[in-house]
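Here is the structure we will look at, set down as structure tokens.
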Amino acid sequence: MERIFVLQIIYFALLGLVVFAWAEDGLINPSQLEIFVDELPDMPRIKGFHTVNGFPVPKSLQIGMFHKKWKFHRDLPPTTVFAFGLSKDTATIPGPTIEALHGIETYITWRNYLPSKHILPWDPTIPTAIPSTKKGIPTVVHLHGGIDEPESDGLSTSWFTAKFKERGPTWTKKKYHYHNFQHPGTLWYHDHAMGLTRVNLLAGLLGAYIIRDPNVEAPLRLPCDEEFDRPLVVFDRSFRTDGSIYMNPTGNNPSIHPQWQPEYFGDAIIVNGKAWPHMIVRRRKYRFRIINASNARFFKFYFASGLGFIHLASDSAYNEKPVMVNDILLAPSEIADVVIDFSKSKSDSDILSNNASYPYPSGDPVNEANSKVMKFIIKPHHELDTSRIPSKLINYPSPNLSSASLTRYIAMYEYTSKIDEPTHLYINGKSYEAPVTETPKVGATEIWNVINLTEDNHPLHIHLGLFVALDQTELVNIDEFKECMSKNNDAIKCHVGKYARGKKIEAPTHEKGWKNVYKMTPGYVTRILVRFSYIHSNESYRFDATAEPGYVYHCHVSNFPDTMNALLHYFRSIMAAS
């Protein structure tokens, strides 16, 4: 399928002391920005609990979304952004890292202080949260990986504008309740508003959230404290010469949807709010919680020197054992929790690189700009390092296939226009407004067969439940199968077993544990086992998961709520039934 990307018609101009190449619309050619000149920031850390008489107790936070300027690169003018923070002055991109404790509740009131008009173009011809007054920017925050009550899950129709003046049809409360009763791990929070998620995330509304459990994590003796345990939030952006974020305002099908495009790719790679930063590290072990917060870009991280990654956790759950890997493929919204041992490096620096094509897997190869992520400058002297890599991490109960109460078939469809450009994508051929079809029971275990009939790899994210990828099987005679599915929309009637008999792919060793996102290979059936209870205890939830407004699952190419139903990536409701 033909994809529309930024076409740069380059000429030169002088901006201050820096010569930029730019397109006719003022788009900066990132090759003219010097890389590795900005130091990697560590975002502000906010504790999600109080300590009273030496004991942790629940805490209430008020975190705002602010309209401000942010400096992405030394030689770029300040960029107008939306940012999370306790105040406008302290708001950052990404937002502050919220640190919670297992079993200690955190309450957050997310405050919308955004202006009446957006800083980026958005397409009102797709299903979108639009206030009746046409003023104000709808937002709602989803804690990705959080196992919490539906009222605090951030459903896209639970949006609100500044001062809660206008609210979406499923909005219920100002103060969100995060129970933090789940297993320890890395999560992230981001905007989730209907039809605006893409532009709100591109504007900067995202941040890291960590749940710690000292009782089970301290004995592991992994690298810890703020210096040696760092989130790395990675995403891509393009910029104009005035520093503003560039987003192509012309849709793939301008006669149908004037501005909507199915994917966004920028050439500048941003880590913790800086383009291609550097970090000075000691010659010892560091823990990095790498979050791919891009809209559509996959990253395949590696070190050209051969320095490897010790993989600890995938998404929000620890592996049973550490796994040594040479590269890591992360889809949008996926998380890799790794240790990098710089004492193993044979040089004084190492570059974290990327070689994932875009869109993945059959798109364009990386270029000079987006093939580089960040640089580590390694101090020369070895030092005492008391951290270690244990032989075992956390052993959660293994998935039990015999306990599965139901098998479902989930088909991903892509629909195109007469010019062969995507117009919308459905799951099981149904729009978001269609009646709920998936109603798993609390405590249930199910097997889902996810059939990807599109051309691209799609990261499937399930709210509330966690799952284990069992296997992937290639579809043979796929055109014949697609024809049947387009007519009948029924995998069983179309005899999916007759076609799902091609090449088998097993999950990589470091991704065989519990996850909340998995990469659905195009032309394959991916079999996952989904669990709707706490994986560390198999106990039922500490809240009413059957309450309104329910939960969703979807593809996390984060244009998705630009077409929460008919027009983008696979968003279908889950209503957990008791």
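When reading the values below, keep in mind they use all heavy atoms of this one structure, side chains included, and skip hydrogens, waters and symmetry mates.
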Take the angle between the ring planes of H144 and W188 and call it parallel below 30°, perpendicular above 60°, tilted in between.
-> tilted
Taking the six-membered ring for Trp and the full ring for Phe, Tyr or His, determine whether the centres of F160 and W110 are under 6.0 Å apart.
-> no
Output, in order, the C-alpha distance, side-chain angles, deciding distance and verdict of side chain to side chain donor-acceptor pair (under 3.5 Å) for H278 and D38.
-> CA-CA 6 Å; H278 70 266; D38 290 291; over 6 Å; no
Among side-chain atoms of T109 and K174, is any donor-acceptor pair under 3.5 angstrom?
-> no
Report yes if the distance between the aromatic ring centroids of Y396 and H536 is under 6.0 Å, otherwise no.
-> no
Test Y302 against I328 for side chain to side chain contact (heavy atoms under 4.5 Å, CB included), laying out the working first.
-> CA-CA 7 Å; Y302 72 98; I328 297 172; over 6 Å; no
Should the pair E99-R212 be classified as a salt bridge under the 4.0 Å nitrogen-to-oxygen rule?
-> yes
Hey, would you say the Y553 and W448 ring centroids sit under 6.0 Å apart?
-> yes
Locate the shortest heavy-atom distance separating W276 from K372; write the atom from each residue and the value.
-> CD1-O, 3.2 Å
Please determine, by modelled atom types, if Q472 and T521 share a side-chain donor-acceptor pair under 3.5 angstrom.
-> yes
Kindly compute the distance separating CG (L460) from CD1 (I528), expressed to the nearest 0.5 Å.
-> 5.5 Å
Residues H177 and E105: side-chain donor-acceptor under 3.5 angstrom | yes
Going by atom types only, do S533 and S540 share a side-chain donor-acceptor pair under 3.5 Å?
-> no
Is the backbone N or O of L330 less than 3.5 Å from a side-chain atom of N292, with the two atoms forming a donor-acceptor pair by type?
-> yes
Heavy atoms only: give me the nearest V442-A545 pair and the separation to one decimal.
-> CG2-CB, 3.9 Å
Does the salt bridge (charged side-chain N to carboxylate O under 4.0 Å, His left out) test come out yes or no for E151 and K173, once each step is laid out?
-> CA-CA 7 Å; E151 301 94 328; K173 62 197 303 185; 5.8 Å; no
Would you say the side chain of I211 lies within less than 4.5 Å of the side chain of L101, judging by non-hydrogen atoms?
-> no
Kindly say whether I389 contributes a backbone atom to a donor-acceptor pair with the side chain of R221 at under 3.5 angstrom?
-> no
Are F342 and F376 near enough that their ring centres are under 6.0 Å apart?
-> yes
Do R45 and D42 meet the salt-bridge criterion of a basic N to acidic O distance under 4.0 Å?
-> yes
Are the side chain of S158 and the backbone of T170 linked by a donor-acceptor contact shorter than 3.5 Å?
-> yes
With side chains defined as the heavy atoms from C-beta onward, is the minimum distance between N538 and R531 less than 4.5 Å?
-> yes
Side-chain donor or acceptor of H183 paired with backbone N/O of S316 under 3.5 Å | yes
Check: L220 and P390 side chains under 4.5 Å, non-hydrogen atoms = yes
N112 and T139 side chains, donor-acceptor separation under 3.5 Å | yes
Would one find more than 12 heavy atoms of other residues, nucleotides or ligands at under 6.0 Å from atom NZ of K59?
-> yes
Ignoring hydrogens and geometry, is there a side-chain-to-backbone donor-acceptor pair from D191 to V141 under 3.5 Å?
-> no
Look at K375 together with D350 and state whether they make a salt bridge at an N to O cut-off of under 4.0 Å.
-> no
Under-4.0 Å salt bridge between R230 and E227 = no
Candidate pair M43 and N272, rule side chain to side chain contact (heavy atoms under 4.5 Å, CB included), full reasoning = CA-CA 7 Å; M43 313 328 291; N272 288 7; 3.8 Å; yes
Ignoring hydrogens and angles, state whether a donor on the side chain of T454 or D456 is under 3.5 Å from an acceptor on the partner side chain.
-> no
Would you please say whether a donor-acceptor pair under 3.5 Å links the side chains of E149 and Y176?
-> no
What closest approach, in Å, do G48 and T106 show between heavy atoms, and which atom pair accounts for it?
-> O-OG1, 2.7 Å
Quick one: does N452's side chain have a donor or acceptor within less than 3.5 Å of a partner on M520's backbone?
-> yes
Do you know the tightest heavy-atom contact between G273 and P94?
-> N-CD, 3.6 Å
Polar side-chain atom of T51 near backbone of F55 as donor-acceptor pair, under 3.5 Å = no
Check whether the ring centres of Y541 and F181 lie less than 6.0 Å apart, and answer yes or no.
-> no
Heavy-atom side-chain proximity of V216 to P184 below 4.5 angstrom = yes
Step through it carefully: locate the ring centre of F82, locate the ring centre of F66, and say whether they are under 6.0 Å apart.
-> no
Can you tell if the side chain of N295 reaches within under 4.5 Å of the side chain of V557, non-hydrogen atoms only?
-> yes
Describe, in one word, how the ring planes of F228 and Y286 are oriented to each other, choosing from parallel (under 30°), tilted (30 to 60°) and perpendicular (over 60°).
-> perpendicular
Mark yes when over 12 heavy atoms from residues, nucleotides or ligands other than K175 sit less than 6.0 Å from its NZ; otherwise mark no.
-> no
F288 and F309 aromatic centres sub-6.0 Å = no
Give the C-alpha distance, both sets of side-chain angles, the deciding distance and a yes or no for side chain to side chain contact (heavy atoms under 4.5 Å, CB included) between K519 and E334.
-> CA-CA 9 Å; K519 298 173 280 285; E334 272 194 304; 2.7 Å; yes
Looking only at heavy atoms, the pair that brings V366 and S371 closest together is CG2-CB, 3.7 Å
Evaluate the side-chain proximity of R283 to S345: yes if any heavy-atom separation is below 4.5 Å, no if none is.
-> yes
Does H311 offer a backbone N or O that forms a donor-acceptor pair with the side chain of N319 under 3.5 Å?
-> yes
Dump the intermediate steps for side chain to side chain contact (heavy atoms under 4.5 Å, CB included) on N400 and T445, then the final yes or no.
-> CA-CA 8 Å; N400 183 359; T445 299; over 6 Å; no
Would you find more than 12 non-hydrogen atoms of other residues, nucleotides or ligands less than 6.0 Å from Q62 atom CD?
-> yes
Are any non-hydrogen side-chain atoms of V338 and I290 less than 4.5 angstrom apart?
-> yes
N180-Y209 side chain donor-acceptor pair, cut-off 3.5 Å | yes
For the residue pair S405 and P440, establish whether any side-chain heavy-atom pair is separated by less than 4.5 Å.
-> no
K321 atom NZ, over 12 foreign heavy atoms within 6.0 Å | no
Modelled atom types, side-chain donor and acceptor of H179 and D148, under 3.5 Å = yes
Taking the six-membered ring where the residue is Trp, are the ring centres of H142 and H461 under 6.0 Å apart?
-> yes
Donor-acceptor pair, K47 side chain versus F49 backbone, under 3.5 Å?
-> no
Any luck finding a side-chain donor-acceptor pair between D153 and H463 under 3.5 Å?
-> yes
Check: A507 main-chain N/O paired with E511 side-chain donor or acceptor under 3.5 Å | no
Inspect the surroundings of NZ in K300 and state if more than 12 heavy atoms from other residues, nucleotides or ligands are less than 6.0 Å away.
-> no
Aromatic ring proximity H192/H554, centre distance under 6.0 Å = yes
Closest approach of Y318 and A313, non-hydrogen atoms and distance?
-> CA-CB, 3.6 Å
